2 protein chains.
Amino acid sequence: MNKSNLYKGCLEPLVLKLLNDNGRMYGYEMTQKVKELTVGELTITEGALYPLLHRLEADGILTTEVESIGNRPRKYYKLTEKGEKQKSHALEELQNFMRTMQLLLHPQTI
Amino acid sequence: MNKSNLYKGCLEPLVLKLLNDNGRMYGYEMTQKVKELTVGELTITEGALYPLLHRLEADGILTTEVESIGNRPRKYYKLTEKGEKQKSHALEELQNFMRTMQLLLHPQTI
DNA sequence: ATACAATACATAACTTTCTTATGTATATTT
DNA sequence: AAATATACATAAGAAAGTTATGTATTGTAT
């Protein structure tokens, strides 16, 4: 596993968290934001991100607004009401999982 | 994601950690140990575990000793020297990843 | 002015890593 | 005697990524 790779399943909660905290974002913005915040430690690849965004939109978790910057289209995503619930659920689940893993990885526990 | 499901990629470090802390273990024992330690929160499925153990053995990360309990064979695994290094690497990587995720999931950071 | 890098989207082929289902056999408990 | 637990294994399919590639616009450096 490359240091810039995500453990699979963590991308969705991360995207939902980003949208929750920023109101709305476009895909490319998310990739840059995460790169910046993690000082290059984590890279969201576009090949993973865009299909995920499309799926979340199809599932009614996200809605989009396309804006044009000059002649270049930008697709903003935001959480729907269903998406807000899904965000809470996904984050709780990931946090809970990481708590459990931490417990298992602590030397004295096993 | 079911609560008993692992985020993909975490199983290998977990197995290496178990073997590191217990000297040697057999597959079924690992599934029971994790179930017990996490009070059922995490379940290692045999369909995921056995192929992983075979791969790690093929890669020289683990070695095996088969013992017979009555007429039933039991396959003990332990870390090789290469496996010890791989364990350190995998655990550091997972810990580092979880630290990064925690940072991203904290409200004030994004 | 022109080339290169950055921005911004998208998809397709492939890989990895699981889940679910199934199979076999022995040992233990009810 | 039947059901459950122990203990291994594999195969089909799904999920969720990677890598590669493509298109087009905009900004920057030579």
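So you know, we letter chains A, B, ... as the sequences are listed, proteins then strands, and number each from 1. Predicted model only: the values in this text are computed from it and were never measured.
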Checklist line | Listed nucleotide nearest any side-chain atom of Asn71(A), set dC9(C), dT25(D), dA16(D) | finding: dT25(D)

Notebook entry, point to check: Tyr77(A) side chain: which of dG17(D), dA10(C), dA8(C) is closest?
Noted result: dA10(C)

Check: Rounded to the Å, how far apart are Glu29(A) CD and dA8(C) P?
Finding: 8 Å

Notebook entry, point to check: Rounding to a whole Å, what distance do you find between Leu42(B):CG and dT19(C):P?
Noted result: 10 Å

Check: Atom CD of Gln32(B) and atom C1' of dA5(D): how far apart are they, to the nearest Å?
Finding: 9 Å

Check: Whole Å only: how far is the CD atom of Glu65(B) from the P atom of dC8(D)?
Finding: 14 Å

Notebook entry, point to check: Rounded to whole angstroms, how far apart are CG on Leu49(B) and C1' on dA9(D)?
Noted result: 11 Å

Margin query: I'd like to know if the side chain of Glu41(A) pairs up with that of Asn96(B) as donor and acceptor (distance under 3.5 Å, no hydrogens or angles considered).
Written below: yes

Checklist line | N or O in side chain of Arg72(A) less than 4.0 angstrom from dG27(D) OP1/OP2 | finding: no

Next item on the list: Measure centre to centre between the rings of Tyr76(B) and Tyr26(B), then say whether the value is under 6.0 Å.
Entry: yes

Notebook entry, point to check: Base, sugar-phosphate, or nothing: which does Glu46(A) touch, judged by heavy atoms less than 4.0 Å apart?
Noted result: base

Next item on the list: Name the nucleic acid region contacted by Gly70(A), choosing base, sugar-phosphate or nothing; use a 4.0 angstrom heavy-atom cut-off, strictly under.
Entry: sugar-phosphate

Note to self: Please confirm whether the shortest side-chain N or O distance from Tyr28(B) to OP1 or OP2 of dC8(D) is below 4.0 Å.
What the structure shows: no

Next item on the list: With DNA chain C as reference, determine whether Pro51(A) or Ile69(A) sits nearer its 5' end, using the nearest nucleotide of each.
Entry: Ile69(A)

Margin query: Determine whether a donor-acceptor pair (one donor, one acceptor, N or O, separation below 3.5 Å) exists between the side chain of Lys8(A) and the base of dT16(C).
Written below: yes

Checklist line | side-chain N/O Lys75(A) vs dA10(C) OP1/OP2, d < 4.0 Å | finding: yes

Check: Does His54(B) place a side-chain N or O at less than 4.0 Å from the phosphate oxygens OP1/OP2 of dT10(D)?
Finding: yes

Margin query: I need the OH-P distance between Tyr7(A) and dT18(D), as an integer number of Å.
Written below: 13 Å

Item checked: Heavy atoms of other groups near Glu84(A) CD, more than 12 under 6.0 Å -> yes

Notebook entry, point to check: Between dC18(C) atom C1' and Leu52(B) atom CG, what is the distance in whole Å?
Noted result: 11 Å

Notebook entry, point to check: If only side-chain N and O atoms of Tyr26(A) are considered, is one of them under 4.0 Å from the OP1 or OP2 phosphate oxygen of dA8(C)?
Noted result: yes

Margin query: Does Glu36(B), at its CD atom, have more than 12 non-hydrogen atoms belonging to other residues, nucleotides or ligands within less than 6.0 Å?
Written below: yes

Check: Looking just at side-chain N and O atoms, do Thr64(B) and Glu57(B) make a donor-acceptor pair shorter than 3.5 Å?
Finding: yes

Checklist line | Distance, rounded to the nearest Å, where Met25(A) contributes CE and dC9(C) contributes P | finding: 11 Å

